[in-house]
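Only heavy atoms go into these numbers, but all of them, side chains included; no hydrogens, no water, no symmetry mates. Each chain gets a letter, A, B and so on, in the order the sequences are listed, and its residues count up from 1.
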Amino acid sequence: MSSTAPTTKSEEILRIEAKWRERWERDRAAFVDTAKPAGEGTYLLVMLPYPSGDRLHVGHARTYFLTDALHRFLRQTGVTVFCPMGWDAFGLPAENYAIQKGIHPRTSTLANIAAMKEQFRSWGVLYDWTKEVTTCEPEYYRWNQWFFLKLFEKGLAVRKKAAVNWCPSCLTVLANEQADGGVCDRCGTPVVPRELEQWFLKITDYAERLLEGLDTLADWPDKVVTMQRNWIGKSTGADLDFAIPSLAESVRVFTTRPDTVYGATALVLAPEHALVPRLLANHPRKAELEAWVESIRGQERIAREAEGAEKDGRDTGVKAVNPFTGKEIPVWLANFVIADYGTGALMAVPAHDTRDFDFAKKYGIPIVRVIEEEKKEKKEDLLRKEEGESATAPSAAYTGEGRVIASGPFSAKSSSSARELIAQDAAERGIGGPKVRYRLRDWLISRQRYWGTPIPMIHCEKDRWVPVPEKDLPVVLPPDAPFTGKGGNPLEKVAAFVNTTCPKCGGPARRETDTMDTFVDSSWYYLRYVDPKNATAPFDPRIAKEWTPVDQYIGGIEHAILHLLYARFFARILKDLGLVAFEEPFSALFNQGMITRQSPTGRVEKMSKSRGNAVSLDPLIAEKGADAVRAFVLFLGPPEKDAEWNDEGISGPERFLWRVRSTVDRFLESGADPRGTPSAADTPTARARHMAVKRITEDFRAFSFHTAVAHLMELLNGATAQVGDPGADAGETATTLRTLVTLLHPIAPHLSEELNEKMGGEKSLLVSGWPAWDPALAVEEFASIAVQISGKVRAELRLPRGSSEELAIAAAVSNATVAKWLEGKQRLKTIWVQDRLLNLVVK
RNA sequence: GCGAAAGUGGCGGAAUUGGUAGACGCGCAAGGCUCAGGACCUUGUGGCCCUUACCGGCUGUGGGGGUUCGAGUCCCCCCUUUCGCACCA
């Protein structure tokens, strides 16, 4: 390129943007560090980024642009906004990056934080950096440890066995995402499950409270509420005990359908069930069965639960007794019974459960019908008869409600009442009773990893697990652990860390070498933001009370379940500790859609560096400026929907911004007063302006940023026409341009500030107020009324707003086209919608 | 399989919630300005048809039916796509 021009367009843009970035930084105190006026203000929380190897790319940027537009808009309307930012700095990606590059994760994380902070700066997003939080610093994670101790005290942090993915070659534990396809992603060795004792937080104790709270989350997306509800997975039913006389034992099962117990023709246990060894003890082919049990247990969970997985079972030869029929039924083991749901055992009712039906068909287990479908569905009956099905050998399980049959004293009852009666009966006989169960599992927080919060527990031979005394916190993560990704837990190899004394007996003891899941960090970070420097408590409850709960949380859908559920759980813990007054930490939630892009494989996928489809924003911003990129990203479409990235479209918003600039310049060159005011209130251009203010304000309130940009473009088109019109009222034009520049600020803050200043604005737009609109003027003076003949639009009338039906009819019939359609017809009916439509129904 | 959301021009998407479908932008086309342009400015742009004409007609929101004076919007059936859960007893 011949660089002859002294100042190119892009140089000009970058100059303006640099100027305003500096200005905002310089005057930050005026914009950001505002104390909250009593009872007012908005806590705007945005999902904190994860400073591992990646720079922030387009996929992330949407969240931050959206939040910043909202933030600036609120501030312009006079709301005090608290909008802090921090870093979710612990975690596996940073550790892996460190292993690859041989750099300490703290070094690389801090470097990434600095780089990302610079990115934020160049994007023109406004955060309260005085509240910055970095989760990998002891000032932060010591409170993770403090919370852990509180949970331990309350019996909510417990040790249980749990399987991990173990790579026998690297001698290390792998996260699920490192064991994709059942092989180690480092060496390709098949991963094996390995049972380890680990720390769990008993979120299941809070299942009901977490479920109940969902009903209060009116400003959360329904989708997320539903996902959480399903995740908690409450089911109501009954526990029932099935006796095994030969072992003098009984097996408890859980069922949601106790009404079908008379049809239970087998007892089926998970291969992991505690009773399995005894069940197999006397089996003639014991070794064979044990080998089968081992093979099922060894199977990858994914493979075992995979779609279409064949049901596989073995008869133990042992008999159990159905507690209601009194009949002997076989005891089976099967792969489809999940060990850690319910009791790890179930009663098989093949006639009324599709899975049991498949199983029974395969292995010849009797199918006994005990629920009769009510006769309502006649059509289906007929259909079945046509297909030649007989009633005695059903081809499928009937899982619906109906009338109970062949069930002793419960026969002829409805299935719903039998359900209660049978559960009640079991309770009276001491063999079970009504029971509520949840799918939710306890939260496994142990990670056999280096880069996380050390779990503040000490193991002593004599006193077992002893908590680190509060005064000894934080348990500092030693900087010098050998993290190679191989050979087990890095902290185990740091003798100075591991070896300690028992706080109870003073004897030699060893520290816990597992670290915490990073979701612990993010479960309460929003509270640390309000009081980030507090050295004596995680936060001051009085300050927290001022700002929390969070008014508006913005983040991606990927956190719909785990992060948000854990944060809701922690809020309940904190409430029970008396530290906060709420149970629901986030009053309103907005999930922006993902930016997708074609991967090299051709699939449309979420944008991410690991998929090789990430587009960096930095070069684009260097070329087009942050304002154009912001406007473009926000213009992509409804922010809650996914959007496919294609940067060709950026020229639209780019041209738009440049035209705003040239229109203002043209107006200033004319010599007119940019601070002028209209000489008449009610003019078509004034009405257009009031309408634009109304629509754009409503758009911002509704997160409809893409239509806000469209409406700004319309306003500009009007303004350009005014500037080009020699007869226009210069005061009106000046007012339109000032309005445009003000409304543009949330989208394109740099340019709007520059133009505001050029037009004589003395204060930053952040504090100079949002334009008001007059409802009387925010409508067009003339209504264009569609004239329909029998529902078809035939003409359009322009009438003063509020015109009467009579006037409209008179105007319509004198219209040539309408008259043509009315000719020779009889008018039957008239539909009149004020200022909208006139429908003449004719025959 | 279950659950949820969605399907509108060549493309991204609007549509005051039952009232003129296609705002705004991209792309495309014609013209202007230019030595030139991937710069800028006009104008046009769902499809089909009629017309010398700027008049006008038919059709059109995944498909089929229904309610209504009137349906992108409400109801029923079907198809497709995306997402979530996925043997949870």
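Under the rule for a side-chain contact (heavy atoms from CB on, under 4.5 Å), the partners of A:H273 that lie at least two apart in sequence or sit in another chain are A:V251, A:L269, A:L275, A:V276, A:A345.
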Under-3.5 Å N/O pairs linking protein and nucleotides 15-18 of chain B:
{"from": "B:U16", "atom 1": "O2", "to": "A:R836", "atom 2": "NH2", "distance (Å)": "2.5"}
{"from": "B:U16", "atom 1": "N3", "to": "A:R836", "atom 2": "NH1", "distance (Å)": "2.6"}
{"from": "B:U16", "atom 1": "N3", "to": "A:R836", "atom 2": "NH2", "distance (Å)": "2.6"}
{"from": "B:U16", "atom 1": "O4", "to": "A:R836", "atom 2": "NH1", "distance (Å)": "2.6"}

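Stems are defined here as 3 or more consecutive Watson-Crick or G-U wobble pairs with pairing distances under 3.5 Å; those involving RNA chain B are B:1-7 with B:79-85, B:10-12 with B:24-26, B:27-32 with B:40-45, B:46-49 with B:56-59, B:62-66 with B:74-78.
Side-chain atoms of A:P638 lie closest to B:A14 of the nucleotides B:C69, B:A89, B:A14. Comparing B:G57, B:A89, B:C24 by their nearest atom to the side chain of A:W821 picks out B:G57.
Contact annotation for A:T817: backbone-only contact, meaning every heavy-atom pair under 4.0 Å involves sugar-phosphate atoms and none involves a base.
The separation between A:H711 atom NE2 and B:A23 atom C1' is 7 Å, rounded to whole Å. If you measure from atom CG of A:L267 to atom C1' of B:A89, you get 12 Å, rounded to the nearest angstrom.
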Under 4.0 Å protein heavy-atom contacts per nucleotide of nucleotides 27-34 of chain B, with B for base, S for backbone only and - for none
S-------
Using a 4.0 Å heavy-atom cut-off, write out nucleotides 4-12 of chain B from 5' to 3' as B (base contacted by protein), S (sugar-phosphate only) or - (no contact).
--------B
Which side-chain N or O atoms in residues 635-653 of chain A pair as donor and acceptor under 3.5 Å with protein atoms at least two apart or in another chain?
{"from": "A:D642", "atom 1": "OD1", "to": "A:M594", "atom 2": "N", "distance (Å)": "2.8"}
{"from": "A:N646", "atom 1": "OD1", "to": "A:E648", "atom 2": "N", "distance (Å)": "3.2"}
{"from": "A:S651", "atom 1": "OG", "to": "A:E648", "atom 2": "O", "distance (Å)": "3.4"}

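Checked for salt-bridge contact, A:D353 and A:R257 miss the test: no charged N lies under 4.0 Å from a carboxylate O.
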